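Residues take their numbers from the sequence shown, with the count starting at 1. Just so you know, ligand 1 is whichever comes first in the structure, and atom 1 is the first atom listed for that ligand. Since the structure is predicted, the reported quantities are computational estimates derived from the model, not experimental observations.
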Amino acid sequence: MKPLGPIPPGYAAIDGELAIGGRKASELVAEAGTPLFVYDGALIEARVAALRSALPQRLGLHYAMKANPFAPLLRHIAGLVDGFDIASGGELLMAEAAGVQAERISFAGPGKRDADLEAAISRGVTLNLESAREAERALVIAERVGRAPKLAIRVNPDFDLKGSGMKMGGGAKPFGVDTDGVPALARTIIASGAEWRGFHIYAGSQTLDAAAIVEMQAATLTLAARLAEESGAVLPVCNLGGGFGIPYFPGDLPLDLAAVGAALAKRFAALPEVLQETAFCIELGRYLVGEAGVYLTRIIDRKESHGEVFLVTDGGLHHQLAASGNFGTVVRRNYPSAIATRFGASVEEEASVVGCLCTPLDRLADKGGFPRAEEGDLVAVFCAGAYGASASPVHFLGHGPAAERLVNARS
Ligand SMILES: *Cc1c(COP(=O)(O)O)cnc(C)c1O
């Protein structure tokens with residue numbers, strides 16, 4: 001038997017069934033069908049509250065919306081965080097539709113097209129510039145539309161986040177401007193009459209190691225101070241990136257938020273002159289929403305092959321690519337999962353949960369221990385609130401999208 005990842009806190013059983021936001025899985029799928037993503041709004045609120053209480057007040061909290069752009073979830077989270085970080089013109093429209101004011105939006109991402117730059121500039125969205133050439137194009141477009149653009153530089157830091165799932169900084173990268181080119185570009189932007197919005201320094205994602213985040217944030221502040229000095233101007237804004245991970249796999253332990261907060265508070269109490277007036281923020285995706293989502297599928301067939309049990313579901317990697325192990329992981333390990341209609345029942349057999357796609361890659365749980373499940377039972381895959389529905393190849397094999405629901409959201 002292979003271990004399953006840890007089921008996140010906040011999921012109880014009602015009448016022997018998984019409940020999400022106080023509603024039984026069978027009830028939710030009776031309304032919305034399967035496959036279904038359910039997001040618990042109260043768990044997102046609780047996560048934001050935990051961050052607010054652990055981290056210094058001075059630190060703004062942004063949502064990196066590529067983690068989950070489901071419209072009701074965006075509206076919910078818009079009332080909870082200080083800003084939104086977007087990565088495309090499409091996300092700009094979605095953030096706008098969710099009622100997020102342009103002043104609260106910043107736009108990072110390589111390959112911004114002229115139309116994207118124009119949309120952002122004419123609305124007053126901050127651009128996190130990925131290259132000197134992008135800065136030139138933004139200034140030309142700003143001139144044409146007659147608005148002073150809000151410009152920040154995305155810095156490609158000389159370090160990366162240790163223990164990070166996806167390395168985004170350190171060495172040659174398509175993201176951001178190499179540090180040695182930053183001061184000159186900052187001077188150009190400031191001299192152009194643009195509204196100078198400082199630095200965006202993002203060094204990686206998905207770490208559970210508080211010490212690694214503390215070290216990264218310290219290095220980020222040191223780098224920001226040096227680059228601000230060399231740019232000859234105080235720094236109005238500094239986005240410190242994110243990187244806060246969630247436990248997905250067996251043995252993973254939650255990030256020690258208190259340790260991160262305490263170390264950052266100390267740093268903030270001893271900032272150099274050039275950062276005294278700086279507005280700081282972090283940008284989080286999965287940490288805010290990942291554990292608040294569950295992917296529910298129904299067992300269509302129960303079969304055995306060469307002595308192994310396969311629970312064949314109506315879902316699969318076309319909705320939840322990451323759980324199949326095909327989204328940026330090297331070694332496939334099991335996400336947390338359970339038989340939702342027998343939640344909390346004891347383990348009776350080893351079974352693999354597979355999807356309905358004709359590819360051996362389509363495996364949601366490999367040789368896990370489950371109570372005996374039958375046709376019609378529901379399977380829950382946890383940690384499905386981030387990089388699920390919108391980060392999976394939904395058109396592959398033509399089964400169509402999963403339904404999505406936000407429950408338990410007061411706002
Ligand atoms: C994807 C991304 C994030 C969010 O990453 P998570 O691991 O989901 O927190 C934040 N900032 C940038 C620049 C990103 O590209």
Give yes or no for whether the N/O distance cutoff of 3.5 Å, strictly under, is met between Gly285 and ligand 1.
-> yes
N/O of Arg154 under 3.5 Å from N/O of ligand 1, yes or no?
-> no
Using a 4.0 Å cut-off to any heavy atom of [X], which atoms of ligand 1 qualify?
X: Tyr387; result: 1 (C), 4 (C), 5 (O), 6 (P), 8 (O)
X: Ser205; result: 6 (P), 7 (O)
X: Ala64; result: 3 (C), 4 (C), 10 (C)

Distance-only polar pair, side chains of Asp366 and Asn334, donor-acceptor under 3.5 Å = no
Select the closest option to atom 14 (C) of ligand 1 among Lys66, His62, Glu283, judged by heavy-atom distance.
-> Lys66
Under 6.0 Å between ring centres, would you say that holds for [X] and [Y]?
X: Tyr39; Y: Phe70; result: yes
X: Phe249; Y: Tyr335; result: yes
X: Phe343; Y: Tyr11; result: no

Applying side chain to side chain donor-acceptor pair (under 3.5 Å) to Ser324 and not counting sequence neighbours gives Asn326
Side chain to side chain donor-acceptor pair (under 3.5 Å) against Glu308, all qualifying residues, sequence neighbours excluded | none
Ligand 1 versus Tyr287: contacting region, heavy-atom distance under 4.0 Å = neither
